[in-house]
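Comments concern the structure below.
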Protein chains: 2
Amino acid sequence: MNTTRPGRRPRADARRNYERLLAEADSAFRENGTEASLENIARRAGVAIGTLYGHFPNRRALVGALLQDRNDVLFETGDRLLAHPSAAEALTGWVHAVVEHAAVYRGLVAMLIDGLDDDASELHESCVRMSAIGERLIANAHAAGVIRHDATGADVAALMNAAAWVREQMPEEQADRFLRFAMDGLRPAGG
Amino acid sequence: MNTTRPGRRPRADARRNYERLLAEADSAFRENGTEASLENIARRAGVAIGTLYGHFPNRRALVGALLQDRNDVLFETGDRLLAHPSAAEALTGWVHAVVEHAAVYRGLVAMLIDGLDDDASELHESCVRMSAIGERLIANAHAAGVIRHDATGADVAALMNAAAWVREQMPEEQADRFLRFAMDGLRPAGG
DNA sequence: ACCTGAACACCGTTCAAGT
DNA sequence: ACCTGAACACCGTTCAAGT
């Protein structure tokens with residue numbers, strides 16, 4: 001639960017401000033998406049705008065800090081699915097988990113896509129890890145013959161991101177239907 | 001080619017400004033997406049910001065004016081496809097046409113989605129028309145038995161919008177693959 | 001009838017000055 | 001070591017004043 005970075009003992013007020021900023025950012029991002037006003041977040045947290053930038057050099061850092069715990073959960077899910085006996089169920093489970101993960105904040109999918117390409121992004125490491133898990137699950141699916149042979153990791157990633165975007169834009173039920181149909185399109189030809 | 005609205009004879013300078021604003025907006029939207037700075041557009045067109053607002057009350061109106069000609073082409077395509085002998089090819093053709101249509105400006109898909117729900121939007125009419133064509137083509141596809149029976153118009157719309165979004169975010173080739181796979185997911189179970 | 005640009009209210013981001 | 005808030009450079013949008 002201690003989210004403080006390298007320096008040893010943060011001052012009590014610094015820690016409190018950090019915590020408050022995270023809480024306000026979370027609620028602002030949930031309400032208005034990842035483009036929510038940072039000035040507003042600082043104001044609601046009761047600190048000056050400079051304090052926000054002191055703790056988080058940019059918007060990505062703030063989002064990254066908020067995603068920490070959720071990332072841990074996601075990667076545990078990934079490990080569990082990699083050991084799952086059914087490669088098909090594992091892949092489906094992963095896609096659902098990632099879509100759910102990205103659905104917290106409107107606009108997050110776009111940030112994650114950028115984060116994968118930009119190695120200077122605070123989100124880069126987790127994006128790469130997500131990508132790696134996906135690749136392995138797809139390899140397993142191919143080995144088990146439960147996915148059409150011409151589908152690549154990039155194809156599944158595109159599907160996943162698209163589904164997350166649909167989830168941001170439309171009612172959850174519609175997003176579920178989209179995901180189900182799209183996944184059917186990945187099944188082997190004879191399936 | 002005359003794009004002037006109800007008032008009879010626009011002043012020569014007004015017409016020229018209108019034309020210049022459209023041209024600059026088009027290039028700005030192509031470069032930076034539909035969120036491109038309006039002040040920049042006015043500046044590059046050589047007019048004051050107030051002149052831009054005089055011609056276009058908001059960003060949607062500007063986008064709508066730019067889409068006029070492209071809409072005509074799209075709807076002609078729609079009419080032609082509605083008369084196409086193969087319901088399957090017609091639907092596929094329509095989805096491709098809409099994705100291509102929305103791909104001009106990054107961010108346009110999101111505006112079109114909003115435009116369908118918001119009847120105060122300058123884009124609303126064309127969105128409704130697009131939607132109606134889609135519905136008819138899907139009805140035809142169902143009648144011909146070339147689409148899975150549980151797929152609705154909303155499902156196809158979601159797929160189309162998602163494909164357009166993928167086209168905005170990733171290389172065109174990736175978007176094509178996504179679209180092909182996703183469309184396969186709409187084929188009848190036994191297909 | 002149309003154009004101008006100042007005015008207002010908002011941003012993100014930086015940084016000298018404080019404690 | 002951390003916080004503050006003014007400062008700068010940018011927005012979208014409106015509207016009184018011009019021609």
Side-chain angles (χ1 to χ4, degrees), chain A residues 2-25 28-29 31-65 105-107 110-111 114 120-122, chain B residues 2-25 28-29 31-65 105-107 110-111 114 120-122:
Chain A
N2 192 333
T3 31
T4 47
R5 232 107 310 284
R8 309 300 261 82
R9 298 195 180 207
R11 239 162 58 180
D13 57 341
R15 197 192 191 298
R16 213 189 44 202
N17 288 339
Y18 181 90
E19 234 56 81
R20 283 188 184 170
L21 282 165
L22 276 186
E24 292 301 335
F29 290 159
E31 273 182 62
N32 307 319
T34 54
E35 300 301 314
S37 157
L38 298 183
E39 284 196 336
N40 237 318
I41 291 170
R43 202 179 310 135
R44 290 207 254 181
V47 303
I49 181 63
T51 302
L52 185 150
Y53 278 91
H55 285 285
F56 310 99
N58 54 48
R59 174 172 254 117
R60 282 191 314 265
L62 189 46
V63 172
Y105 309 135
R106 192 160 20 92
M111 284 189 77
D114 291 346
S121 167
E122 286 80 359
Chain B
N2 191 333
T3 31
T4 48
R5 233 106 308 285
R8 309 302 260 84
R9 299 193 180 208
R11 238 162 58 180
D13 59 340
R15 198 192 191 298
R16 215 188 45 202
N17 288 340
Y18 180 89
E19 234 57 78
R20 282 188 185 171
L21 282 166
L22 276 187
E24 291 303 333
F29 290 160
E31 274 183 61
N32 307 319
T34 53
E35 299 303 313
S37 157
L38 298 183
E39 283 196 339
N40 239 316
I41 291 170
R43 202 178 311 133
R44 291 207 254 180
V47 302
I49 181 64
T51 302
L52 186 151
Y53 278 93
H55 285 284
F56 309 99
N58 55 48
R59 173 172 256 116
R60 281 192 316 264
L62 190 45
V63 172
Y105 310 134
R106 193 162 18 95
M111 285 188 77
D114 291 347
S121 166
E122 285 79 0

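Note that these values count all heavy atoms, side chains included, but never hydrogens, waters or copies made by symmetry.
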Rounded interatomic separation in angstrom, taking CZ from Arg15(A) and P from dC3(D): 13 Å
Value rounded to 0.5 Å, distance of CZ in Phe29(B) from CZ in Arg106(B): 12.0 Å
Mapping Thr51(B) and Arg11(B) onto DNA chain D by nearest heavy atom, which one lands closer to the 5' end? Thr51(B)
Which atom of Ala65(A) lies closest to which atom of Leu22(A), heavy atoms considered: CB-CD2, 3.9 Å
Provide, to the nearest angstrom, the distance between the CZ atom belonging to Phe56(A) and the P atom belonging to dT14(C). 16 Å
Kindly give the heavy-atom pair with the smallest separation between Glu24(B) and Arg44(B), and that separation in Å. OE1-CB, 3.5 Å
Just to be sure I understand the rule, does Gly54(A) reach a base, reach only the sugar-phosphate, or reach nothing, if contact means heavy atoms closer than 4.0 Å? nothing
Nearest atoms (heavy-atom pairs only) where Arg60(B) meets Ser121(B): CD-OG, 3.3 Å
Mind checking whether Val47(B) and Arg20(B) have side chains closer than 4.5 Å, heavy atoms only? no
Taking only nitrogen or oxygen atoms into account, show me every contact under 3.5 Å that the protein makes with nucleotides 11-13 of chain C, one pair per line with its distance.
unit_1: dC11(C); atom_1: OP1; unit_2: Asn40(A); atom_2: ND2; d: 3.4
unit_1: dC11(C); atom_1: O5'; unit_2: Ser37(A); atom_2: OG; d: 3.4
unit_1: dG12(C); atom_1: OP1; unit_2: Leu38(A); atom_2: N; d: 3.0
unit_1: dG12(C); atom_1: OP2; unit_2: Leu38(A); atom_2: N; d: 3.3
unit_1: dG12(C); atom_1: OP2; unit_2: Glu39(A); atom_2: N; d: 3.2
unit_1: dG12(C); atom_1: N7; unit_2: Glu39(A); atom_2: OE2; d: 3.4
unit_1: dT13(C); atom_1: OP2; unit_2: Tyr53(A); atom_2: OH; d: 2.7
unit_1: dT13(C); atom_1: O5'; unit_2: Tyr53(A); atom_2: OH; d: 3.3

About how many Å separate CG of Leu38(A) and CD1 of Ile49(A), when rounded to the nearest 0.5 Å? 6.0 Å
Closest approach of Thr34(B) to Arg59(B) (non-hydrogen atoms, all atoms of both residues): O-NE, 2.6 Å
May I ask you to check whether Asn40(B) and Arg43(B) show a side-chain donor-acceptor distance below 3.5 Å? yes
Check whether any side-chain nitrogen or oxygen of His55(A) sits under 4.0 Å from OP1 or OP2 of dC3(D), and answer yes or no. yes
Quick one: the dot-bracket string of DNA chain D, using Watson-Crick and G-U wobble pairs with both distances under 3.5 Å, [ ] for crossing pairs and | for bases paired to another strand. ||.|||||...|||||.||
Using whole Å, report how far CG of Asp13(A) lies from C1' of dT4(D). 12 Å
May I have the distance from Arg20(A) (atom CZ) to dC3(D) (atom P), rounded to whole angstrom? 11 Å
